Chemist: 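Right, I'll just put the structure down here and ask away after.
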Amino acid sequence: MMEENKLIAAFYKFVDWNNLKRKKSEIEKLCLENNIVGTILLANEGINGTIAGSEESILAVIQGLKDDPLLLDIEPKFSKAEGEIFKRMKVRLKKEIVSMGMENIKPTNLKGKSVKTGDWNELISDPKTLVIDTRNQYECAIGTFKGSLDPKTKSFRDFPEWSKNNLKALMKKEEKTKVAMFCTGGIRCEKASSYLLEEGIEEVYQLEGGILKYLENISSDESLWEGECFVFDERVSIQHGLVEGNYSMCHACRMPIDDDDMKSKEYSEGISCPHCYAAHSKERKERFAERQRQIKLAKIRNEKHLGKTY
């Protein structure tokens, strides 16, 4: 029997609000009533989430969010997938909805110019534009825009330091007058654009809707995207048209892995891969092995195993 397609909605909005505990309770109730799974982050600066469920349930939750006047214009990116996308529903309170470690940065007050997907190719093809991938290094490694710069950051928190130490000198050396940034759904480059404007970079642009909207709207024939796009759920990666990609995930280190990685002697399902084989102690690998054994037993019993990240 084929598994029913699930609708996935990814969304965010920077907005100044408060009463987060009450909002958390309201959103948890809304998600529970509609039987959806995923993760929603709430902070004083806004909301950031990815959820999955039936089309009817997802649309009901989105409408429920829009009942708040501050979220009336929230614009989800929709895609479809089969199987288990998330294991459970989590609504969490955070200091930031995307962690830059700089709570004084306010995209609600100042942010770069949004560029629609249809105009993006022209902007990044301009020799005066420096194109920056604001995602983490492991995300960039499986796909990015042609000619873009990978700052090789391990975390978004590293971006301010990287830009402070490198960006202005790089723009001067390469005679660039504009900065165009992108990320998976738009949230990181929106916050990064606010930071760069505060730092005195005058022309800052961001891809509206992020890579997800670009891959949805732009055909592969016109596309300047190369590779696949990493996503933070069980699909691991997606391609043009938002179809599921060819990557799996190492559940020991959460890195994307391909067929070659899984053929490696250093790969053992749920225990290690070429990226992390040398990083884990014998004791840690033994814990991973026990977790993997419990997951397999749960599958045999047709039970859910939520697992544990060590």
Side-chain angles (χ1 to χ4, degrees), residues 10-14 46 48 50 75-79 97-100 105 107 110-160 162-163 166-167 170-171 174 176-197 199 201-220 222-232 237-242 245 247 256:
F11 53 87
Y12 77 91
K13 184 152 194 265
F14 286 103
N48 178 21
T50 305
E75 295 185 8
K77 275 80 68 177
F78 294 109
S79 57
I97 55 172
V98 57
S99 296
M100 182 183 261
I105 298 301
L110 182 68
K111 63 181 179 181
K113 298 173 185 175
S114 290
V115 180
K116 293 191 179 298
T117 53
D119 300 321
W120 182 249
N121 286 358
E122 182 179 357
L123 174 64
I124 67 174
S125 299
D126 184 338
K128 291 292 184 181
T129 303
L130 180 66
V131 187
I132 303 176
D133 193 331
T134 63
R135 301 172 302 153
N136 301 327
Q137 187 176 8
Y138 67 89
E139 298 172 75
C140 303
I142 70 169
T144 192
F145 280 106
K146 182 179 180 181
S148 66
L149 173 66
D150 172 10
K152 301 191 184 304
T153 51
K154 292 182 179 179
S155 161
F156 188 53
R157 287 175 172 267
D158 298 335
F159 183 82
W162 173 86
S163 60
N166 299 282
L167 187 53
L170 188 59
M171 291 180 70
E174 298 190 6
K176 307 288 188 182
T177 60
K178 297 179 279 191
V179 172
M181 294 185 293
F182 63 92
C183 60
T184 309
I187 187 170
R188 280 179 278 187
C189 55
E190 185 163 330
K191 197 163 190 178
S193 76
S194 182
Y195 172 77
L196 293 189
L197 289 167
E199 289 295 299
I201 305 295
E202 295 181 0
E203 272 197 272
V204 183
Y205 299 86
Q206 63 193 61
L207 176 58
E208 186 176 302
I211 302 163
L212 296 180
K213 185 60 70 174
Y214 184 91
L215 294 180
E216 179 184 5
N217 290 347
I218 305 300
S219 70
S220 56
E222 301 174 88
S223 179
L224 295 180
W225 178 262
E226 298 177 333
E228 298 184 12
C229 176
F230 181 87
V231 288
F232 292 92
S237 69
I238 57 172
Q239 306 175 66
H240 280 90
L242 303 185
Y247 283 82

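Just so you know, these numbers come straight off a predicted model, no measurement behind them.
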Chemist: Between S193 (side chain) and E190 (backbone), is there a donor-acceptor pair under 3.5 Å?
Modeler: yes
Chemist: Once rounded to the nearest 0.5 Å, what's the spacing between atom OG1 of T134 and atom CG of D150?
Modeler: 10.5 Å
Chemist: If we ignore hydrogens and angles and just use 3.5 Å, is the side chain of D126 paired with the main-chain N or O of L123 as donor and acceptor?
Modeler: no
Chemist: Determine whether a donor-acceptor pair (N or O, by modelled atom type, separation under 3.5 Å) exists between the side chain of N166 and the backbone of W162.
Modeler: yes
Chemist: Ignoring hydrogens and angles, tell me if any N or O in the side chain of N136 forms a donor-acceptor pair with the backbone of Y138 under 3.5 Å.
Modeler: no
Chemist: Would you confirm whether T50, through its side chain, and A10, through its main-chain N or O, come within 3.5 Å as a donor-acceptor pair?
Modeler: no
Chemist: Applying ring-ring contact (aromatic ring centres under 6.0 Å, His included), name anything that partners F145, two or more places apart in sequence or on another chain.
Modeler: W120, F182, Y214, W225
Chemist: Examine distances only and state if a side-chain atom of N48 and a backbone atom of I97 form a donor-acceptor pair shorter than 3.5 Å.
Modeler: yes
Chemist: Is atom NZ of K77 surrounded by more than 12 heavy atoms (other residues, nucleotides or ligands) closer than 6.0 Å?
Modeler: yes
Chemist: Is there side-chain contact between L212 and S79, with heavy atoms separated by less than 4.5 Å?
Modeler: no
Chemist: May I ask you to decide if the ring planes of F156 and F159 are parallel, tilted or perpendicular, using 30° and 60° as cut-offs?
Modeler: parallel
Chemist: Does atom CD of E199 have more than 12 heavy-atom neighbours, drawn from other residues, nucleotides or ligands, at distances under 6.0 Å?
Modeler: yes
Chemist: Roughly how far apart are E208 CD and S114 OG, rounded to 0.5 Å?
Modeler: 5.0 Å
Chemist: Where is the tightest heavy-atom contact between L197 and L110, given as atom of each residue plus distance?
Modeler: CB-CD2, 3.7 Å
Chemist: Should L170 and K176 count as side-chain neighbours, where that means a heavy-atom distance under 4.5 Å?
Modeler: no
Chemist: Counting N and O atoms only, with roles assigned by atom type, does the side chain of S125 sit under 3.5 Å from a partner on the main chain of E122, one being a donor and the other an acceptor?
Modeler: no
Chemist: Does L130 offer a backbone N or O that forms a donor-acceptor pair with the side chain of K178 under 3.5 Å?
Modeler: no
Chemist: Looking at every non-hydrogen atom in both residues, tell me the closest pair between P76 and F11 and how far apart they are.
Modeler: CA-CB, 4.0 Å
Chemist: Quick check for you: to the nearest 0.5 Å, what is the distance between Q206 atom CD and S194 atom OG?
Modeler: 9.5 Å
Chemist: Looking at every non-hydrogen atom in both residues, tell me the closest pair between R135 and C140 and how far apart they are.
Modeler: NH2-CA, 3.7 Å
Chemist: Does some side-chain heavy atom of I142 sit less than 4.5 Å from a side-chain heavy atom of S237?
Modeler: yes
Chemist: Under 4.5 Å between any side-chain heavy atoms of S148 and I124, yes or no?
Modeler: no
Chemist: Please name all residues satisfying ring-ring contact (aromatic ring centres under 6.0 Å, His included) with F78, sequence neighbours left out, ordered by chain then number.
Modeler: none
Chemist: Please name the residue in the list L207, L149, I132 that meets the side-chain contact (heavy atoms from CB on, under 4.5 Å) test with M181.
Modeler: I132
Chemist: Can you give me the closest heavy-atom contact between D133 and G143, atom names plus distance?
Modeler: OD2-O, 4.4 Å
Chemist: Can you measure from OG (S99) to NZ (K191) and round to the nearest 0.5 angstrom?
Modeler: 7.0 Å
Chemist: Quick one: pull up CD1 in I201 and CG in L167 and give me the separation to the nearest 0.5 Å.
Modeler: 4.5 Å
Chemist: Check H240 against S219 and note the closest heavy-atom contact, atom names and distance.
Modeler: CD2-C, 4.1 Å
Chemist: As an exercise, state the distance from NZ of K213 to OG1 of T184, rounded to the nearest 0.5 Å.
Modeler: 14.5 Å
Chemist: Indicate yes or no for a side-chain donor-acceptor contact from Y195 to the backbone of I105 under 3.5 Å, with no hydrogens or angles considered.
Modeler: no
Chemist: Identify the heavy atoms of P160 and S163 that sit nearest to each other, and give their distance.
Modeler: O-OG, 2.9 Å
